[in-house]
Every structure is written in C-alpha cells, then in structure tokens.
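In the text below, chain A, chain B and the rest are named by the order of the sequence lines, each starting its count at 1.
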Amino acid sequence: MATTYITTPIYYVNDRPHIGHCYTTLVADVLARFHRLAGDDVLMLTGTDEHAEKVIDRAREAGVGVREWADRNAQAFRDAFTLMGFSNDDFVRTSEDRHKTRASRYIQQLVDSGDIYLGDYVGWYDPGQEEYVTESVAKAHDYKSPVSGKPLEKRTEKNYFFRLSAYEQRLAEHIEKHPTFIRPEARRNEVLGRLRQGLQDVPVSRAVRDGDDADWGIRMPNDPGHRVYVWIEALCNYLSVVDTPERGHYWPASIHLLAKDILWFHAVVWPAMLLGMGRPLPRCVYAHAYFVAEGRKMSKSLGNFIEIDQLRAYGSRFSIDAVRWYLATRGPLGATDADFSYANFVDIYNAELANGLGNCASRVVNMVQKYFEGVTPNARDATVHGGVDWPSLTESHTRAAREAINAVDLFSAGHNAMAIVTAVDGYINTTEPFRLAKRVTGPDDPAHADLALILYNCAEALRIAALLFLPFMPAKSAAVLDMIGAIIPEPGGLDDHTSWRGKFGLKPGTPMQKGQGLFMRVEADEPAPKA
RNA sequence: GGCGAGGUAGCUCAGCUGGUCUAGAGCGCUGGAUUCAUAACCCGGAGGUCGAGGGUUCGAGUCCCUCCCUCGCCA
C-alpha cells in the first residue's frame, strides 16, 4: 500500500483564520481525500504554531494566561477547518508535549553533531518591538523602525546558530537532481538562484526575556537562558508528529504544502536540518501563490482580508462545497496570484455547478422518474452507443484525474470529472431520450430498450463523475450518488467504483430520488453574501 | 541593484524542444435548434497586428537582442 503524508504549515496562532489558511489546507484535503479513495495509507497533518513571543504578549494584553489564549485561538482554526470540511487526520499544536520533547531532541542532536553552535549575532534591533529586523528591511526603512520610525540599534548578542552554510553544496545537488523537489518550477529557480549566492549560518535561538512564562516555548538543551527560535522549532512538527513507532513509516513526507512566503524555510533550512539529522528529505515542497481579493492584494492596512466569516457566508448561501470547488479549481497553485472575486465566483458557480453538474443530475433523474417510475432501468450492456464509448471515456477521464492529482493540478483533476458531465449532456442531446419516450408503444418496443440504455448510461456516467468530484465536494458528490442510488465508496474504492458497470455499477431496480436542486442558479445581480 | 515569473480574444488562461497556429479553450456576448432539465442543455458566429522595436530563419506567439509594463524573492 502506498503511503502518502501530506502537511500544511502550522498556522500562527495569533492569526484569525482566513482564506489563505483555508486554501492551503483545502489543497491538502483534496489531495488527501483523493489518495485515500485510491487506497493509499494517508496522513494529513495541519495545526498551529504557538510559541512566538507575541503570543505571550497578546495573551497578556487580553488579560488571560498564554495557554488559555492559545487554546482559544487554536480552537478557532479547528472550527474553521471543520466548517470547510477538512479531513485532516491530526492537528498538532507546538505547545503539545509530543512536539516539544521530540523537537528539543532534534535540536540536541544538531548541537551534538556541531551543526548548532554558540556565536555572536549582530543585527538591527527595534527596541519598541523588541525584535530584530533583517538587514534588507532595516535598509529599506533607512535604519529606522518600520513600526515606530525610531532609530534601530545595532546590537550584538550571544546566539546559537545553525550551520546552514555547510549544506549549500548538498542542497543544491539535491534540488538539481530532483526536479520536482521544489514546485512550482519558478520557485525552484528562485531557490537555486539564491543558493548560488551562498548560504550563511542562521540564528536559531535568542535570550529569554525576563518574566516570560517558563513553560512557553522550547529552551536550548543545556542552556535554558536561550529559547529556540519559534520558526526553527515549528518546522520540526512535520517530523515530530510521525516520529513514533506507529507512524514512523510516514516519513519522509510526500508533500509539504505552503504559501510562497515561507518557501525559504521549507526548501532550504528545513532540508538542511534534516540532512544534519541524517533523515531523508521530503519528496516535494510545494509553494503556491496568494489569493488576492477583488483584484487587490489583501493586507491588514486595507482591511480586506477574506476571513473565515466571509467564507462561511458564501457557504451558507452557495454551500461550502461550492466554495471548495471555486477555491480548489481557481486557486493560485502556480507561481502567480489568483483573484477571489464575487463576480468570478458567480460565473463559475453558475456555469459549472448549477448549469453543469446540478442541471445534468436533475435532467437525468427527472427522466428516470418520468419514464421508469423513478427506478434505475434495466439496460442491455452496449459499450458504444450514441457515438460515445462510455467505458473508455470514463476510464480515460478517471486516469487523467488521477494523474492530475499526482501532479498537484487540481484544475485539471476537477475538470476531468466535469468533462464526463459535459459528455452526458451532449449524449442526451444526440440521443434525445425525451423524444424516444413519446414513440415508445410498450415494454416490448425496441425503443423502450433504447430508452432504458440511454438513461442507464447517463446515470452510470454521472456516478463515476460524482466519484471524481468527491475529494472536491464531499457532501454534494455524496448527494449525487444518493440521488441515483449509488453507493458511497470506502477508502480504497476508487478502482472498483469507477469501473463502468462493474461491481459497484448502478443496479437496475434501485430507486432514484430527485431531492432538492443540488446547486441552484444565481442571478448575476444578486449582491455578494455578507459576513 | 541581483535573481525569478509573466505580458496571447471583453474576462481567466492553454499554446513543450520554431512549420496541421491561415492563432486555441472556458466564461461572457450573439444567432439557431430543442424541451428531459435549474430561462438550463446542444450546434453555429463575432471578437486578438500573440507588450513594443529590431534580428536569425525558407518559415517565429514559439529562438536572439534592446526597451516598456506587472508581479515575486533577496535569509
């Protein structure tokens, strides 16, 4: 059995869940669901990153303990992900013991091997923010605080460093040798370009501030005056969660999904740490681009972040599955940003979900209701009919969808499912079952057998399409399967279930139910749902 | 400044190593056909000097050079 381990970043617990978190996790979810269906042993992991000093500060401002603050915010992510219908197998919080104990063991190992050493850190310190800013940021702000505008101080402090420079060669070789290690390709080029400019060691700790919760964060082994930098410790979650006897086989991860802003840590620092620990590297680090909102970059100052409340509002109006479909198939998987716009959402919703899938299911079930008393007709097995070779058509779209999933091409995977729906619509127009029905004189009329065949084929094709839609739209796809009296597959059922009139093909005599419309058409002038 | 990704129909984008591209798809628009269906589905049509200029070539959206614009990365 193939093993598939899919991760998302762990999200900064001070954030409010927004479209960015949801998008990355949705991509992971669609992949995870597809792989489960295909029979892989899947582990999908997401979670929260909790040890930043700002978490302590915000908790203090809110007048609650840091633990309580983190609990509350982590729960907001859990709730958001439940709303989105995500199927993560685990949710890790860096404040959990399972993570802390193993992460500090990894750090210890790197100290022992000499990959982490004590050195002098010289940098630009912002006293107001109590943090260092990078050289480029400092320069861009004329060596003044980007926040307060007050001058930055050049400070030196004792820090532990990770010997990143030692891995320059091996990393470059690995990336060169494995073209799909960093994806998409533009990101790979970016990393290779920066690698050519040479690597410097990176600080991995800083001195603990007075008065901070002693239990918060991870201390440097043998030097508790230093706290491990949160980003370096956070990276360890991917390994710490599976570094157990039961889950050890999941490592190395099949894919780390993330947004482009944290590419460097995932494509360079983390792999170098793994090399230092003698662990295999993840098979793929996939950095997607951003969603922008209505053509404008989302930012705190513009206040135009699409937050979970807004996605919930869209979900209530159009169904969460419609939101999933739109985000998954129009999302910024490539190197360039994608736009989340209401007008575009409505276009896609109407064209693909309402006029496409929803209408097709409706017309098929409706005819079965009218001409066969709502029972799956008993049809002869004709491979090719009405100019369509159904077994090979559905088989080739199934195969193409699988390949697309393996290539992390959600648009193509989804549209191979949609192509089956389009084929059903075309087939109905060519064979005109509604016309045939008027000519049928009785059950012995050959036209009756043709009618049965046509409608059976339509429903059977729809069944296979629904299976391929399942990872994208779990609830709506299940509703389609339910409408036509098909069985919802168990994990591993993909092959058996997608075979044309196979073991799980539609059974003649099974009732079909129209139910309510799947996706009702929206008028273009309807205002956007409000959060 | 260095590096990277782009600029192709109203919109979103495909077009890999140059010749079935006299340039494609989906959406939108428009004409027709049809009525089983969620005014939907099906067929047809209009719409682009492929960012600008120069070059290589028998032939360039596709290669080279210059320039313009957009976006990303710079620990």
Side-chain angles (χ1 to χ4, degrees), chain A residues 123 132-137 139-140 161-162 164-165 168 182 184-204 229 231-232 259-269 272 287-290 292 295 297 326 329-332 334-341 343-372 409 411-412 415 418-419 421-438 451 454-455 458 514-524:
Chain A
Y132 284 90
V133 299
T134 64
E135 178 65 32
S136 52
V137 170
K139 194 175 175 187
F161 282 82
F162 173 59
L164 186 60
S165 58
E168 193 180 312
I182 300 174
E185 202 181 342
R187 299 275 97 92
R188 177 174 184 261
N189 294 342
E190 243 171 54
V191 170
L192 281 172
R194 278 180 67 184
L195 235 34
R196 274 192 290 272
Q197 289 160 30
L199 291 179
Q200 284 170 31
D201 294 351
V202 289
V204 297
Y229 253 142
W231 57 264
I232 206 153
K260 57 188 178 180
D261 53 334
I262 50 176
L263 174 65
W264 186 251
F265 291 130
H266 286 81
V268 175
V269 181
H288 64 72
Y290 294 145
V292 299
K297 198 168 167 174
Y326 177 73
T329 61
R330 313 293 139 159
T336 48
D337 294 347
D339 191 18
F340 182 100
S341 87
N344 189 224
F345 179 93
V346 169
D347 281 350
I348 301 297
Y349 176 88
N350 278 339
E352 296 179 346
L353 300 180
N355 299 348
L357 178 57
N359 181 60
C360 184
S362 164
R363 66 198 300 213
V364 169
V365 174
N366 198 61
M367 283 190 276
V368 170
Q369 221 126 47
K370 271 192 171 156
Y371 312 140
F372 292 91
D409 183 349
F411 178 85
S412 170
H415 282 267
M418 204 53 89
V421 174
T422 306
V424 171
D425 275 330
Y427 177 66
I428 293 173
N429 279 65
T430 321
T431 56
E432 300 182 313
F434 42 86
R435 235 184 213 180
L436 207 54
K438 288 174 186 151
L451 186 59
I454 293 165
L455 293 181
C458 288
K514 192 165 182 186
Q516 307 131 325
L518 231 38
F519 300 101
M520 297 317 289
R521 197 183 158 78
V522 179
E523 293 308 318

Partners of A/T430 by side chain to side chain contact (heavy atoms under 4.5 Å, CB included), sequence neighbours excluded? none
Only counting residues at least two apart or in another chain, list the ones meeting salt bridge (charged side-chain N to carboxylate O under 4.0 Å, His left out) with A/D425. A/R363
Distance between P atoms of B/C21 and B/G61 (Å, rounded): 13 Å
Taken in chain and number order and not counting sequence neighbours, the residues that satisfy side chain to side chain contact (heavy atoms under 4.5 Å, CB included) with A/D261 are A/A259, A/Y290
All side chain to side chain contact (heavy atoms under 4.5 Å, CB included) counterparts of A/K514, not counting sequence neighbours: A/S362, A/V365, A/N366, A/Q369
With A/R521, which residues qualify under salt bridge (charged side-chain N to carboxylate O under 4.0 Å, His left out), at least two apart? none
For A/H266, all residues meeting ring-ring contact (aromatic ring centres under 6.0 Å, His included), sequence neighbours excluded: A/Y238
Secondary-structure stems, RNA chain B, at least 3 Watson-Crick or G-U base pairs under 3.5 Å: B:1-7 with B:68-74, B:10-13 with B:24-27, B:29-32 with B:42-45, B:51-55 with B:63-67
Spacing of A/F434 atom CZ relative to B/C42 atom P, expressed in whole Å: 12 Å
Listed nucleotide nearest any side-chain atom of A/N366, set B/U38, B/A75, B/A37: B/A37
Output a table of nitrogen or oxygen pairs between the protein and nucleotides 28-32 of chain B separated by less than 3.5 Å.
none

Is a donor-acceptor pair below 3.5 Å formed from side chain A/N429 to base B/C41, judging by atom type as modelled? yes
For A/T431, all residues meeting side chain to side chain contact (heavy atoms under 4.5 Å, CB included), sequence neighbours excluded: A/H385, A/Y427, A/P433, A/I454
